[in-house]
Amino acid sequence: MPSSLSSARRWSLARQLLVLQLVLVGLLVGGGTVLAYLDAAQATDDKAAEEVVSVAATLADSPGVRDALAAADPSAELQPFAERVRADTGVDFITIMNRDGIRYTHPNPSLIGKRFIGNTGPALRGTLFTETYTGTLGPSVRAVAPVFDDDRGVAGLVAVGITVESISKELSERLPPVLAVAGGVLVAGVAGSYLVSARLRRQTRGVGPAELSRMFEYYEAILHSVREGLVLVGRDGRVVLCNDAARELLGLPADVRGRPVGQLGLAPGLVSTFVSSEPASDELHVTDTRVLLVNTMPVRSRDRMGNVVTLRDHTELQSLTGELDTVRGFAESLRSQAHESANRLHAVVSLVELGKVEQAVEFATAELETAQQLTDRVVGAVAEPVLAALLLGKSSEASERGVELVLTEDTAMQDPAPHIGPRDLVTIVGNLVDNAVDAAIETAAERAPRVTVTVRADERELMLRVADTGPGIADDAASDIFRRGWSTKPGGGEAGRGLGLALVGQAVRRHGGTVEVANAPGAVFTVRIPLR
């Protein structure tokens, strides 16, 4: 017994469903057949009762029957008449009798003159009634009706009956069609159940319910435990599934299943990637708070079903990359300064060797004063050490590339902004200055390349402004410059291009600030971040 139960548990879902459907179809067909048989039996009994009542009532009202009952020999007239009516109507017997139950007619002439076997009381009281009674012909359904004389007295009785054997024979004739219909329904039900089972077997690949349940539990556990975001997007662009990590990375509410991707408040580029029919590999997208690596893979069966989208948080790595770039910038600045210092030192040494000591001292002093003035200017105006070091490094780097970096006279940031971390300041100012230097170089043939930086902070806000002498920003591009991938440089859509301004926009939005873009005549970027 246990082995049979274990075997049943190992049945596939399709097989179990097939067995269940077959049992259900068998029960329904069997029950329907029984009900149809009972209904046919009841209908046959009702028909027999109606027939005997009709014949009995008709004979009891016949004037010929009343007149014959008053004759000297009622049987001589009534027996032939009753037999003709019996043959015409198909009933099994017609018995006409007097009030005492003495028969005047019977299918068996030898029983004429003998007492009727059955009840006659209600008919003697003037009421037609029916009953099932066992008489000389066996069990029968019979009707007994009173025959009234002219004074409305009971002159005799008429009994008409159909044997139960005849009724059963008629019922047996009705049974084959019922069985045929039941057999057809059973065959159709079995065939339909088999087709449903076959389709389910293909869909479930023959897996049993227990295994399906375990697979679903594993699937749910994996979905909610993986740190990578996973989103399934249907062919109609609606979210089919979104795990916890994806909701956290995208800042989505819990009830996103079934909603169109375009109504989730995501950036247009991200929405386009989610619903694209083409695969994407490690696409970089910048949201308000995160940098995401997005991979999409279309899922196809016979047709495209939708997309599987995976999301990886690239924010920390991008921040570390930014810090590394800053360190590299500082190193490059130091290299540039070392190179310039070496050149100046060679010049001083050469002047000394030529005997021009005074000129050598004057040259060295002038160069030292220039460098010290820039350092004193930046350090005195900007209290944030990381931002000051960044400006000094960018100044040396710009100078090596032939661009003058100028710190405006109204620059003043005496107190560091504690809630705006140095990392975000480096991201904002570093990217803006790098872009400004590149833009200024583009128009170096027309005017002296220059980048002007203003850093000013008061009790209410921190203002950062970077202006250049480059070609400026086209009016129709002002709304797109902070979108990932936008760039005026060659290969703007490639990895590593068009990300700087997107990171600037992200850092500014994270602190509730704004960025204004203008042309005067080069590009002017003004960042305002509230300090309260």
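Sequence positions, counted from 1, serve as the residue numbers for this chain.
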Going by heavy atoms in the side chains, are [X] and [Y] under 4.5 Å from each other?
{"X": "L232", "Y": "N307", "answer": "no"}
{"X": "V466", "Y": "V451", "answer": "yes"}
{"X": "L432", "Y": "V527", "answer": "yes"}
{"X": "V240", "Y": "R257", "answer": "no"}
{"X": "R456", "Y": "E461", "answer": "no"}
{"X": "V453", "Y": "T408", "answer": "no"}
{"X": "V433", "Y": "N431", "answer": "no"}
{"X": "V294", "Y": "T310", "answer": "no"}

- Task: Just do the side-chain contact (heavy atoms from CB on, under 4.5 Å) check on L264 and V256 with the steps written out, would you?
- Result: CA-CA 8 Å; L264 299 180; V256 297; 4.3 Å; yes

Work out which heavy atom in [X] is nearest to a heavy atom in [Y]; give both atom names and the distance.
{"X": "I529", "Y": "H511", "answer": "CG2-CB, 3.7 Å"}
{"X": "R238", "Y": "G258", "answer": "NH1-O, 2.8 Å"}
{"X": "A507", "Y": "I428", "answer": "CB-CG1, 4.0 Å"}
{"X": "L462", "Y": "A457", "answer": "CD1-CB, 3.8 Å"}
{"X": "C242", "Y": "L252", "answer": "SG-CD1, 4.3 Å"}
{"X": "K394", "Y": "D434", "answer": "NZ-OD1, 2.7 Å"}

Check residues 265-275 and write down every donor-acceptor pair under 3.5 Å in which the side-chain atom is one partner and the other belongs to a residue at least two apart or another chain.
{"unit_1": "T273", "atom_1": "OG1", "unit_2": "G269", "atom_2": "O", "d": "3.0"}
{"unit_1": "T273", "atom_1": "OG1", "unit_2": "E283", "atom_2": "OE1", "d": "3.0"}
{"unit_1": "T273", "atom_1": "OG1", "unit_2": "H285", "atom_2": "NE2", "d": "3.3"}

- Query: Please, which pairs that meet side chain to side chain donor-acceptor pair (under 3.5 Å) have at least one residue in residues 462-471, sequence neighbours excluded?
  - Reply: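 For residues 462-471: R465-T526.
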
Measure the [atom1]-[atom2] distance between [X] and [Y] for me, rounded to the nearest 0.5 Å.
{"X": "T514", "Y": "R509", "atom1": "OG1", "atom2": "CZ", "result": "12.0 Å"}
{"X": "L311", "Y": "N295", "atom1": "CG", "atom2": "CG", "result": "9.0 Å"}
{"X": "D458", "Y": "L531", "atom1": "CG", "atom2": "CG", "result": "7.0 Å"}
{"X": "S395", "Y": "E404", "atom1": "OG", "atom2": "CD", "result": "8.5 Å"}
{"X": "R447", "Y": "T443", "atom1": "CZ", "atom2": "OG1", "result": "4.5 Å"}
{"X": "T454", "Y": "L464", "atom1": "OG1", "atom2": "CG", "result": "9.5 Å"}

- Task: Could you walk me through whether V239 and V261 pass the side-chain contact (heavy atoms from CB on, under 4.5 Å) test, one step at a time?
- Result: CA-CA 6 Å; V239 176; V261 175; 4.1 Å; yes

- For the side chain of D244 and the backbone of G229, is there at least one donor-acceptor N/O pair under 3.5 Å apart?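 The answer is no, because no donor-acceptor pair under 3.5 Å joins these two groups.
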
- Query: Any sub-3.5 Å donor-acceptor pair from R235's side-chain atoms to G306's backbone N or O?
  - Reply: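 The answer is no, because no donor-acceptor pair under 3.5 Å joins these two groups.
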
